[in-house]
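Working notes, structure below.
Throughout, protein chains are lettered first and strands after them, A, B, ... in sequence-line order, and every chain is numbered starting at 1.
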Amino acid sequence: MAEKSKTSAVKARLPRGLVDRPAGEIKAAERMLGVIRGVYERYGFDPVETPLIEYTDALGKFLPDQDRPNEGVFSFQDDDEQWLSLRYDLTAPLARYVAEHFDALPKPYRSYRAGWVFRNEKPGPGRFRQFMQFDADTVGAASPAADAEMCMMMADTLEALGLERGQYVIRVNNRKVLDGVMEAIGLSGEENAGRRLTVLRAIDKLDKFGPGGVAALLGAGRLDESGDFTKGAGLDPDGIDRVLNFTGWGEQGSGSGSIAGVSAVTLSNFAAAVGTSVGGAQGVAELTEIEALVAAAGYSDRVRIDPSVVRGLEYYTGPVFEAELLFETVNEKGEPARFGSVGGGGRYDGLVGRFRADPVPATGFSIGVSRLMAALANLGKLSTEDEVGPVVVTVFDRDRIADYQTMVQRLRAGGIRAELYLGGSGPKAQLKYADRRNSPCVIIQGSDERDRGVVQIKDLALGKALAATIEDNATWREARPAQFEVPVDGLVEAVRSLLGGRP
RNA sequence: GCAGCUGUAGCUCAGUUGGUUAGAGCGUCGGAUUGUGGCUCCGAAGGUCGGUGGUUCGAGUCCACCCAGCUGUACCA
């Protein structure tokens with residue numbers, strides 16, 4: 001008897017933060033991507049694809065001059081010692097692509113792409129190290145009309161996927177306004193760069209900690225439940241008040257708390273909050289124009305100016321957007337949970353310019369496909385049921401595999417998904433196999449049927465329904481529920497009509 | 001990175017003050033039924049008890065260190 005060598009066996013295991021995708025999920029995802037693609041195409045965007053791997057320096061903010069690329073990015077060295085990385089978003093590779101083919105592309109250049117991106121960081125619930133994004137970008141258009149279009153297209157996309165109005169909102173802010181406010185409270189200048197970042201991070205944490213927690217982070221700092229202390233921005237009480245009021249979480253009536261007609265109120269609030277800041281005033285002007293375009297197109301109920309949107313701290317230079325789902329749901333533990341952000345974007349006027357002498361304005365939006373898919377599944381807007389399997393032609397007589405194979409080919413030629421049972425087990429196991437494959441029916445031809453020139457067709461779904469009323473196995477087998485026979489020549493037609501009667 | 005919690009069969013878990021051969025349910029496979037998927041019944045396979053070292057006559061159980069996972073937090077293009 002051969003010893004099983006357990007110690008030498010490689011353990012089958014998936015690296016953490018990564019997931020396998022079974023058939024049902026892949027098919028559901030394909031349907032969903034098809035819907036998104038349809039909307040983007042209708043808006044006049046064209047597909048473009050770039051590789052999963054880029055030179056590390058092309059990906060952006062990461063140090064060409066350090067010998068080790070930043071953590072958070074999967075990187076390795078080519079045989080010529082150059083650093084390569086897996087892309088961590090789709091925007092930086094697009095900027096590289098546009099810069100490399102700048103003269104050949106029509107400007108403004110409008111494109112979309114779906115693809116896997118990778119982040120080498122700690123995974124969490126709903127956060128993976130490989131996930132899919134679906135982006136659309138307009139490169140070479142400085143007009144706020146390009147930003148407004150992005151927001152409206154996202155709204156259209158979410159509705160095309162089955163979300164109803166009121167279940168989501170596209171929130172819009174402007175990085176220049178945020179900078180203007182900080183300038184107004186005395187945080188301008190190089191020496192305050194760190195504190196500005198802390199303030200932005202604090203604002204971004206509203207959904208997690210609420211206004212009280214944000215106030216703590218703006219001031220001295222915050223102690224979390226585990227006893228960990230996060231150092232704050234160190235603003236004085238007046239500065240904290242002004243930031244909170246600006247965001248609308250203080251006593252002011254604007255901002256994320258209200259819904260109808262807020263944008264106009266928020267904008268006037270902004271104008272006051274940025275004070276004399278030139279950049280801030282410019283940001284307010286851009287938002288005002290976006291708001292006017294959105295209103296004119298009838299999207300004011302879905303696209304809203306909101307001071308709490310911060311987004312990527314590094315490369316956005318103007319308007320920033322975020323698509324947020326508003327409905328509550330329950331997680332697997334039965335606790336109420338919110339899906340929150342399922343996508344975002346903004347204007348990144350500096351990104352293409354890193355590769356060229358002259359700046360190139362650009363704006364785009366990115367959808368987190370996996371997260372949005374989870375939300376849609378939760379809402380029942382995405383069918384994740386098992387697909388109907390193939391018709392299985394069973395092998396009751398090992399010597400006549402060629403005959404069975406012929407039946408399979410006839411079914412396939414008739415446009416029916418079908419397969420020959422290729423295992424080595426007996427009839428019982430074959431039926432069990434077909435059941436697990438979720439086959440609509442199996443084809444049976446033993447010697448009896450062969451002699452009479454017929455085949456048995458067994459409707460598995462109907463049989464399952466009938467089984468509920470039968471208790472003992474002898475009767476169940478005797479009755480052969482939902483099974484009928486047809487002449488061999490009528491096989492394809494009979495299967496087709498059986499399938500046709502299915503929902 | 002920091003903090004807390006948890007590691008026993010493929011999965012979910014039980015395992016007494018430290019005591020003989022570590023159990024259950026589900027799942028898997030086989031049989032009852034060699035021409036028929038469900039139900040039922042019978043049976044089988046499946047474990048370095050996360051790892052290493054220590055205490056002890058004796059460790060799944062106690063101690064130390066390490067590893068992994070989960071949760072929170074930091075960071076997040």
Basic-acidic side-chain contact under 4.0 Å: [X], [Y]:
X        : Y        : value
A/Glu100 : A/Arg356 : no
A/Glu121 : A/Arg127 : yes
A/Arg311 : A/Asp204 : no

Measuring from the side chain of [X] (C-beta onward, heavy atoms only), which nucleotide among [options] has the closest atom?
X        : options             : result
A/Lys122 : B/G35, B/A77, B/U73 : B/U73
A/Glu121 : B/G37, B/A77, B/U73 : B/A77
A/Thr230 : B/A77, B/G38, B/U73 : B/U73
A/Arg127 : B/G38, B/G35, B/C75 : B/C75
A/Glu449 : B/A74, B/G35, B/C76 : B/G35
A/Asp448 : B/A74, B/G35, B/G37 : B/G35
A/Lys458 : B/G37, B/U71, B/G38 : B/G37
A/Gln456 : B/A74, B/A77, B/G35 : B/G35

With both distances kept under 3.5 Å, what pairs with [N], Watson-Crick or G-U wobble?
N     : value
B/A44 : B/U28
B/G58 : none
B/C65 : B/G51
B/C75 : none
B/A22 : none

Would you mind reading off the distance between [X] atom [atom1] and [N] atom [atom2], rounded to a whole angstrom?
X        : N     : atom1 : atom2 : result
A/Arg452 : B/G35 : CZ    : P     : 16 Å
A/Asp204 : B/C75 : CG    : P     : 10 Å
A/Phe396 : B/U33 : CZ    : C1'   : 13 Å
A/Phe131 : B/C76 : CZ    : C1'   : 10 Å
A/Leu197 : B/C75 : CG    : P     : 9 Å
A/Leu90  : B/A77 : CG    : P     : 15 Å
A/Asp399 : B/G35 : CG    : P     : 14 Å
A/Tyr433 : B/C29 : OH    : P     : 13 Å

**OP:** Tell me which of A/Thr91 and A/Trp476 sits closer to the 5' end of RNA chain B, going by the nucleotide each one is nearest to.
**Re:** A/Trp476

**OP:** Identify, between A/Lys208 and A/Phe118, the residue whose nearest nucleotide on RNA chain B lies closer to the 5' end.
**Re:** A/Lys208

Applying a 4.0 Å non-hydrogen cut-off, can you work out what [X] is touching in the nucleic acid: base, sugar-phosphate, or nothing?
X        : value
A/Gln483 : base
A/Ser439 : nothing
A/Lys464 : base
A/Arg16  : sugar-phosphate
A/Arg436 : sugar-phosphate
A/Gly463 : base
A/Lys205 : sugar-phosphate

Original post:
Below 6.0 angstrom between ring centroids: does that apply to A/Tyr433 and A/Tyr421?
Top reply: yes

Roughly how far apart, to the nearest Å, are [N] and [M] at atom [atom1]?
N     : M     : atom1 : answer
B/U61 : B/U20 : C1'   : 16 Å
B/A64 : B/C2  : C1'   : 22 Å
B/U21 : B/U17 : C1'   : 22 Å
B/G30 : B/G35 : P     : 16 Å
B/C76 : B/C13 : C1'   : 37 Å
B/U8  : B/A24 : C1'   : 13 Å
B/G38 : B/G47 : P     : 27 Å
B/A32 : B/G37 : P     : 12 Å

Subject >> Presence of A/Lys428 side-chain N/O under 4.0 Å of B/G30 phosphate oxygens OP1/OP2 >> reply: no

Original post:
Between A/Arg201 and B/C75, is there a side-chain N or O to OP1/OP2 distance below 4.0 Å?
Top reply: yes

Original post:
Which of these, A/Val392, A/Asp459, A/Asp435, sits in a side chain to side chain contact (heavy atoms under 4.5 Å, CB included) with A/Val442?
Top reply: A/Val392

**OP:** Using a 4.5 Å cut-off on heavy atoms from C-beta on, say whether the side chain of A/Phe128 contacts that of A/Arg119.
**Re:** no

Original post:
Nearest heavy-atom pair of A/Met32 and A/Val369: which atoms, and what distance?
Top reply: CE-O, 3.6 Å

**OP:** Locate the shortest heavy-atom distance separating A/Pro51 from A/Arg96; write the atom from each residue and the value.
**Re:** CD-NH2, 3.8 Å

